[in-house]
Amino acid sequence: MTTPSKMQQLDVQRIRADFPVLDVEVRPGVPLVYLDSTATSQKPVSVIEAMNNYYRTQNANIHRGVHALAEKSTADYEAVRGKVAKFIGAAKGKQIIFTRNTTESINLVAFTWGRANLNKGDVVVLTEMEHHGNLVPWQMLATEKGIQLEFIPVGEDGLLDMDAYAVLMEKKPKLVSFTQMSNVLGTITPAAEIIRMAHDAGAVTLMDAAQGVPHLPTDVTELDVDFIAFSSHKMLGPTGLGILYGKEAILNEMPPFLGGGDMIKRVELSGFTYKEPPHKFEAGTPAIAEVIGLGAAIDYLEAIGMEAIFAHDHELTGYALERLEEVPGVWVFGPTIEHKSANAAFTFEGVHPHDVAEILNRAGVAVRAGHHCAQPVHQKFGITSTTRASFYLYNTKEEVDQLIEALYQVKEIFG
Ligand code: PLP
């Protein structure tokens with residue numbers, strides 16, 4: 001995994017001042033301790049203002065109008081494509097497709113590339129730690145096309161079994177689709193190695209970067225990955241916006257996704273022709289204000305630096321793991337800190353995860369409880385749900401201490 005070359009300290013108090021929601025009291029006198037960024041991140045003022053400003057001063061539909069506002073909105077929307085490309089190390093803005101979320105980005109690949117390229121008996125390799133967003137689309141395609149799904153096993157240590165992966169490569173899969181970072185175990189997968197081995201076996205690769213891009217420096221060119229999918233809302237941007245990156249040659253060959261306005265060159269009653277990527281994958285009016293908000297989110301992340309953000313999240317997660325270990329009855333899932341970051345999912349002996357979350361909520365501590373849209377990985381560990389605390393650039397060690405204090409209250413209440 002990537003370890004930071006040097007530990008850079010974030011000025012967290014200054015960062016926190018940029019996030020208005022962090023000043024909220026969940027009840028009078030009970031300040032919010034937001035430990036749920038794996039579900040969705042909070043938004044800095046610059047993102048909120050960019051969207052607000054768009055609606056106040058330039059709202060217009062894009063690509064169609066010739067009036068001043070339409071031209072400005074089109075230019076601003078298209079400029080964010082270039083910004084996203086640079087942020088993930090992609091060569092060209094046109095390799096960036098805007099969707100609704102990570103889930104839709106992966107479904108786009110399954111429904112276009114998958115339908116065109118996968119046939120009965122073809123093998124698709126996933127991992128046992130996938131979010132449902134990178135599992136169900138392939139299960140749907142398996143039902144439709146008769147493709148065969150294989151899974152890289154997850155060990156007791158929360159790591160992928162790379163020896164088993166090497167054996168799976170002998171089946172000559174057509175696609176390997178895997179998470180860059182687990183939203184339950186926090187595992188940072190060996191992405192470069194997974195991609196290299198997949199390519200050696202002749203497979204196309206898709207990386208679910210929903211948790212990876214917000215927390216890890218990510219370079220698609222260095223990784224040589226074919227597709228990545230991620231969500232704006234997990235990286236300080238607004239909801240309703242996802243991103244799909246693809247290699248140019250593959251995007252050019254893929255059929256379009258949804259049909260309608262904006263993705264076509266010409267339409268007659270007898271048929272249509274479609275545009276080049278990225279437009280052929282973006283039918284209808286897109287999430288214009290959200291794209292502009294994402295641009296501001298990337299500016300914010302870049303100003304701090306992804307290396308520094310990773311170092312901070314990693315250090316805080318390590319601290320949380322140490323402190324969680326002190327609490328009798330708490331069992332944290334996933335690998336040791338060398339291989340994980342940003343979240344800690346745990347069980348509390350004798351107490352249902354929802355009850356844990358409810359008592360933490362009374363103390364203002366916001367965490368998630370449930371299966372986190374990753375039932376199979378819970379089943380693998382013989383459980384149905386966990387409580388998950390997650391950390392981002394605006395979280396502090398004091399907030400981890402508040403989590404631990406509230407967990408002792410759970411212990412008191414449930415004995
Ligand atoms: N993949 C992973 C690893 C995730 O953590 C999530 C969301 O939690 C998703 C996919 C789905 O993201 P979205 O709900 O934004 O489509």
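Counting starts at 1 for both ligands and their atoms, in listed order. Because the structure is a prediction, the values reported are computed rather than measured. Computed over heavy atoms, backbone and side chain alike; hydrogens, waters and symmetry mates excluded.
Of the protein's non-hydrogen atoms, the one nearest atom 1 (N) of ligand 1 is Asp208 OD2, 2.6 Å. When only non-hydrogen protein atoms are considered, atom 4 (C) of ligand 1 lies nearest to His131 CD2, 3.3 Å. The nearest protein atom to atom 12 (O) of ligand 1, hydrogens excluded, is given as Thr102 CB, 3.6 Å; this is a heavy-atom distance.
Not a single heavy atom of Glu104 sits closer than 4.0 Å to an atom of ligand 1. By the 4.0 Å heavy-atom criterion, Asn134 is excluded from the residues contacting ligand 1. Ser231 counts as a contact of ligand 1, since one of its heavy atoms falls under 4.0 Å from the ligand.
Interface atoms of ligand 1 facing His233, defined by a heavy-atom separation under 4.0 Å, are 15 (O). The ligand atoms of ligand 1 that sit less than 4.0 angstrom from a heavy atom of Thr179 are 3 (C). Of all the atoms in ligand 1, the ones that sit under 4.0 Å from a non-hydrogen atom of Ala210 are 1 (N), 2 (C), 4 (C), 6 (C), 9 (C), 10 (C). Residue contact check: Asn183 has heavy atoms under 4.0 Å from atoms 5 (O) of ligand 1.
For Phe227 and Tyr245, the ring centers are positioned 6.0 Å apart or more. Taking the centre of each ring, Phe19 and Tyr394 come in below the 6.0 Å mark.
The heavy atom nearest to atom 16 (O) of ligand 1, considering only Val184, Thr103, Thr38, is found in Thr103.
On a distance-only criterion, Gln211 and ligand 1 share at least one N/O pair closer than 3.5 Å.
Contacts of Ser105 classified as side-chain contact (heavy atoms from CB on, under 4.5 Å), with partners at least two apart in sequence or in another chain: Thr99, Ala229, Leu244.
At a heavy-atom cutoff of 4.0 Å, ligand 1 is contacted by the side chain of Lys234 but not by its backbone.
What you find for His378 and Gly370 is that their closest heavy atoms are NE2-O, 3.7 Å.
Looking at Lys397, His312, Glu398 one by one, the single match for side-chain contact (heavy atoms from CB on, under 4.5 Å) with Val12 turns out to be His312.
A distance-only check finds a donor-acceptor pair linking the side chain of Lys145 to the backbone of Leu118 [under 3.5 Å].
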